[in-house]
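Since the structure comes first, as structure tokens, the remarks are kept for the end.
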Amino acid sequence: MTLLDAVATILLVLLLLGLVRIWRGPAPADRMLASQLFGTTGVALLLVLAESQGQPALRDVALVLALLAVLATVAFVTRVLRIARADSAGEHPDV
């Protein structure tokens, strides 16, 4: 087993732990942070696998995953701000 394979295995275990945290998270913010961890760990895993297996196409997949993680964060923050504004105005937001 090479060093890159060992790193990929460790990242995969961390990914599974992050998935458990997403499932069990007590608050939506905890779930969002765990999903961000899931996204960054997934990007790292794809980059390690791209180098280990000599498949440069995995780098493109890692880039797309990183962009999706940013969009998910923006969507979450927008939703939280919309709910906070509606609560301060005494309205019920469309969730």
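Counting begins at 1 with the first residue of the sequence.
In this structure, the separation between CG on Leu12 and CG on Asp5 is 12.0 Å, given to the nearest 0.5 Å. Asp60 CG to Leu63 CG: the interatomic distance, rounded to the nearest 0.5 Å, is 7.0 Å. Between atom CG of residue Leu33 and atom CZ of residue Phe38 there is a gap of 15.0 Å, rounded to the nearest 0.5 Å. Atom CG in Leu37 sits 7.5 Å away from atom CG in Leu15 (nearest 0.5 Å). Taking CG of Leu65 as the start and OG1 of Thr41 as the end, the distance is 10.0 Å to the nearest 0.5 Å. The OG atom of Ser52 sits 10.0 Å away from atom CG of Leu3, with the distance rounded to the nearest 0.5 Å.
Side-chain atoms of Thr78 come within 3.5 Å of backbone N or O of Val74 as a donor-acceptor pair.
Checked options Leu46, Leu49, Val43, Leu47; the residue passing with Val61 is Leu46 (criterion: side-chain contact (heavy atoms from CB on, under 4.5 Å)).
In this structure, the side-chain hydrogen bond (donor to acceptor under 3.5 Å, both in side chains) partners of Glu51, at least two apart in sequence or on a different chain, are Arg59. When the side-chain hydrogen bond (donor to acceptor under 3.5 Å, both in side chains) test is applied to Thr73, the partners found at least two apart in sequence or on another chain are Gln36.
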